[in-house]
Trainee: 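Once you've had a glance at the structure underneath, I'll fire off some questions.
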2 protein chains.
Amino acid sequence: MTDHSRRQVTLDEVAERAGVSRSAASRVINNAPHVSKAKREAVQRAVTDLGYVPNATARALATQQVGAVVLAISSDNPQVFADPFFAEVAVGVNSVLEETELELILQLATSSRGQTRLEQLLRTRQADGVMLMSMHGDDPLAQLAEKSDVPVVFGGTPTNFEPQYYVDADNRGGARLATEHLVATGRRRIATITGRMDESAGTARYKGYQEALAVAGLDAGRVVYGDFSEEGGGQAMEQLLAEHPDLDAVFVASDQMAIGAMRVLKLAGKTIPGDVAVVGFNDVALARHTEPPLTTVAQPIQSLGREMARMLLALIAGESPTPLILPTRLVQRASS
Amino acid sequence: MTDHSRRQVTLDEVAERAGVSRSAASRVINNAPHVSKAKREAVQRAVTDLGYVPNATARALATQQVGAVVLAISSDNPQVFADPFFAEVAVGVNSVLEETELELILQLATSSRGQTRLEQLLRTRQADGVMLMSMHGDDPLAQLAEKSDVPVVFGGTPTNFEPQYYVDADNRGGARLATEHLVATGRRRIATITGRMDESAGTARYKGYQEALAVAGLDAGRVVYGDFSEEGGGQAMEQLLAEHPDLDAVFVASDQMAIGAMRVLKLAGKTIPGDVAVVGFNDVALARHTEPPLTTVAQPIQSLGREMARMLLALIAGESPTPLILPTRLVQRASS
DNA sequence: GAAGAAACTGGGAGCGCTTCCAGCAGACGG
DNA sequence: CCGTCTGCTGGAAGCGCTCCCAGTTTCTTC
């Protein structure tokens, strides 16, 4: 049985019980060299007898390493994290951190208090590293992070500069894929509803759309700017329909918006995909269940989290990993 | 401008610059009494001049308080957290923690490594408190948590005992609401697809169903046991249809399962709600978008997170909060 | 104006762990 | 048998902060 006394078991007690010095005990805990086999075993026995677990705080103070990394979401919207997207990122991050001794601290920097905290964190090394998903355009935190002492890897890229270490999804390539697919299936008057243009995901997807149409020699002028929300998607579709009644397809920069857009299309009496084909982006769970099921671009969200964590680990280990762009792929369903 | 030198600014430096002792400086940092106004101001000036931020680790070691609480999800399925449910809980938790100085550590205890870590945490006070959402039946961790030294609040209740501190949704009441609604709309042969019976959410919802039918004097024998998954819901529905072809309504213990069930119903040529009414549970985002939109029971997920955090804070403050059961409510849509 | 209370002040002892370093013992070759 | 190496040991100095305590100053009050 392990000890259940209230007080914590300390290294000193272990050392005493094993009949060695604290230094020696410490060495075997961290299995460092310079300990004879006999003492090593004595200490190990004492550890299990006493149920000793090192005090992480004391260790952190002594080693100047916190033993924790932060997953930070910087956004002006407190609800962002409610997006399943982040939950999946977190799962990915967790899966690789689980192999290490590092804790995962979640920092939703949505209020100004949260922002301040993240800021202090970046300035004063209260964590061994941070993964930053910055969700709005010219987030000052992103700049701060980039020149911070603590290792930072970005999830997605800020709009105003390219960070040194990041992992992102191939938004541009995905958008291109989607648009090419529309071209390949015979559409010629292809519109787009973009995402927020102050997020790189928004601009990159728009670029992909433009590229694909340029290559095909088609007109890329049927554009309305959206905001990634379902409602915004609906409004954008109305505007599109008003300005370009001849469109026969629309590439929508997110599934949420695509859902709003489809609602408007149906209301306008258009059939999908008969009159107009619709393609979304993200492949959220919902996409499989719309009427008709939504063709969309899937990105490997958990991988994104996993790779961010791996990259951070590499950074902490003193390596210099190269940025990573994760592939996206087209998931073909009935809406196109 | 704040200082940008590599080394951390320490309290000693602040004290020196302000011309006071370290003790005095410490007192003003923690705004404790017994400091003259002059010194207080001198220290404050030094703090801003130097850009001093207290070292959380050192403080933790000195005060024996970690400054962090853990949100732990114990489950045998690594993907649980991908469920939007937890993301929302996390948002709620974060919203109240943001008002405090506490960090939020996320601990997905899914692998055995994660389990071990959580276990050590409970045994050795490496956090000031933990919120535990235990997702499968007789999780040994739940027992361990209950008798741990560190404050623990449960999210949901384990099946095999009632913890001292918990917040849960009124699963039973919600199920009853849903079933009563079916009765009230004229259904008489009401079946149910239950959730996993090794989770309290599963058993409680089943009980609510039984109660409502007992009160109405109707037969509660049309039961198939499900597993909360979409696929499982479909299979359960097939079985239900085979065994009780006369059913005119089904209360399904989760939206995911309800979606699977509806698919099967349609395949069987049944109209919804014409031939059979369907009610789900949870009100996930998807529920609004099914064909037809799903009537379901909503639970206040973010509140759940918020209340867990509040309760934990109270516990840490030495109070003895009482368990909390959060109301659920019926969201009526077209499937019933 | 003296005695006692009240408010401030800084020294110093930790919190539990890591790590440098000087000291030692045993092994080995000459 | 002595000098040199190698590998073990434990003492001690921190890591940066809190907080107790004894000493000092200032303020009351009669």
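Convention: sequence-line order gives letters A, B, ...; per-chain numbering from 1.
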Trainee: The side chain of A:Ser23 is closest to which nucleotide in this list: C:dG16, D:dC20, D:dG11?
Mentor: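 Output: D:dG11.
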
Trainee: Could you please name the option among C:dG10, D:dC15, C:dC8 that lies closest to any side-chain atom of B:Ser21?
Mentor: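 From the listed options, C:dG10 comes nearest.
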
Trainee: Rounding to 10°, can you tell me the angle the first-five-pair axis of the helix from C:dG1-D:dC30 to C:dG30-D:dC1 makes with its last-five-pair axis?
Mentor: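 About 40° separates the two local helix axes.
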
Trainee: On a plain distance test, is the side chain of A:Arg22 in donor-acceptor contact with the base of C:dT18 below 3.5 Å?
Mentor: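 Side chain to base: pair found, below 3.5 Å.
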
Trainee: Can you check whether B:Ala32's main-chain N or O pairs, donor with acceptor, with B:Asn30's side chain at less than 3.5 Å?
Mentor: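 Absent.
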
Trainee: Report the distance from atom CD of A:Gln120 to atom CD of A:Gln115, rounding to the nearest 0.5 Å.
Mentor: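 Answer for the CD-CD pair, A:Gln120 versus A:Gln115, is 12.5 Å.
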
Trainee: Answer with base, sugar-phosphate or nothing: what part of the nucleic acid does A:Ser36 contact at a heavy-atom distance below 4.0 Å?
Mentor: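 Since only primed, P, OP1 and OP2 atoms lie under 4.0 Å of A:Ser36, the category is sugar-phosphate.
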
Trainee: Given C:dC15, C:dG10, D:dT9, identify the nucleotide with an atom nearest to the side chain of A:Val35.
Mentor: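 The answer is D:dT9, which lies nearest to the side chain.
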
Trainee: Among D:dC15, D:dC17, C:dT19, which nucleotide has an atom closest to any side-chain atom of A:Thr63?
Mentor: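 Of all the options, the side chain of A:Thr63 is nearest to C:dT19.
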
Trainee: Taking only the side-chain heavy atoms of B:His34 (C-beta and beyond), determine which of D:dG16, D:dT18, C:dA7 contains the nearest atom.
Mentor: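 So the nucleotide nearest the side chain must be C:dA7.
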
Trainee: Specify the residue among A:Thr57 and A:Ala24 whose closest nucleotide of DNA chain C lies further upstream toward the 5′ end.
Mentor: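 Counting from the 5' end, the first nearest nucleotide belongs to A:Thr57.
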
Trainee: Checking contacts here: which listed nucleotide (D:dT9, D:dT18, C:dG16) is nearest the side-chain heavy atoms of B:Leu11?
Mentor: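 Among D:dT9, D:dT18, C:dG16, the one nearest the side chain of B:Leu11 is D:dT18.
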
Trainee: For the pair B:Arg125 and B:Asp149, find out whether any cationic side-chain nitrogen is under 4.0 Å from an anionic carboxylate oxygen.
Mentor: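 Answer for the salt bridge query: no.
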
Trainee: Is any side-chain N of the basic residue among B:Glu101 and A:Arg113 closer than 4.0 Å to the acidic one's carboxylate O?
Mentor: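 So B:Glu101 pairs with A:Arg113 through a salt bridge.
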
Trainee: Scan A:Pro33 against the nucleic acid and name what it touches under 4.0 Å (heavy atoms): base, sugar-phosphate only, or nothing.
Mentor: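 Counting heavy atoms under 4.0 Å across all strands, no contact is made by A:Pro33.
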
Trainee: Let's go through B:Ile316 and B:Val69 carefully: what are the C-alpha distance in whole Å and the side-chain angles of both, what is the deciding distance for side chain to side chain contact (heavy atoms under 4.5 Å, CB included) to 0.1 Å, and is it a yes or a no?
Mentor: CA-CA 10 Å; B:Ile316 291 173; B:Val69 297; 4.0 Å; yes

Trainee: Of the options D:dG16, C:dT18, C:dC17, whose atoms approach the side-chain atoms of A:Asn30 most closely?
Mentor: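 Nearest listed nucleotide: C:dT18.
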
Trainee: Which nucleotide, D:dC17, D:dC21, C:dT18, lies nearest any side-chain atom of A:Ser26?
Mentor: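 Closest nucleotide among those given: C:dT18.
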
Trainee: Can you measure from CG (A:Asp168) to CG (A:Leu326) and round to the nearest 0.5 angstrom?
Mentor: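 With rounding to 0.5 Å, CG (A:Asp168) is 8.5 Å from CG (A:Leu326).
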
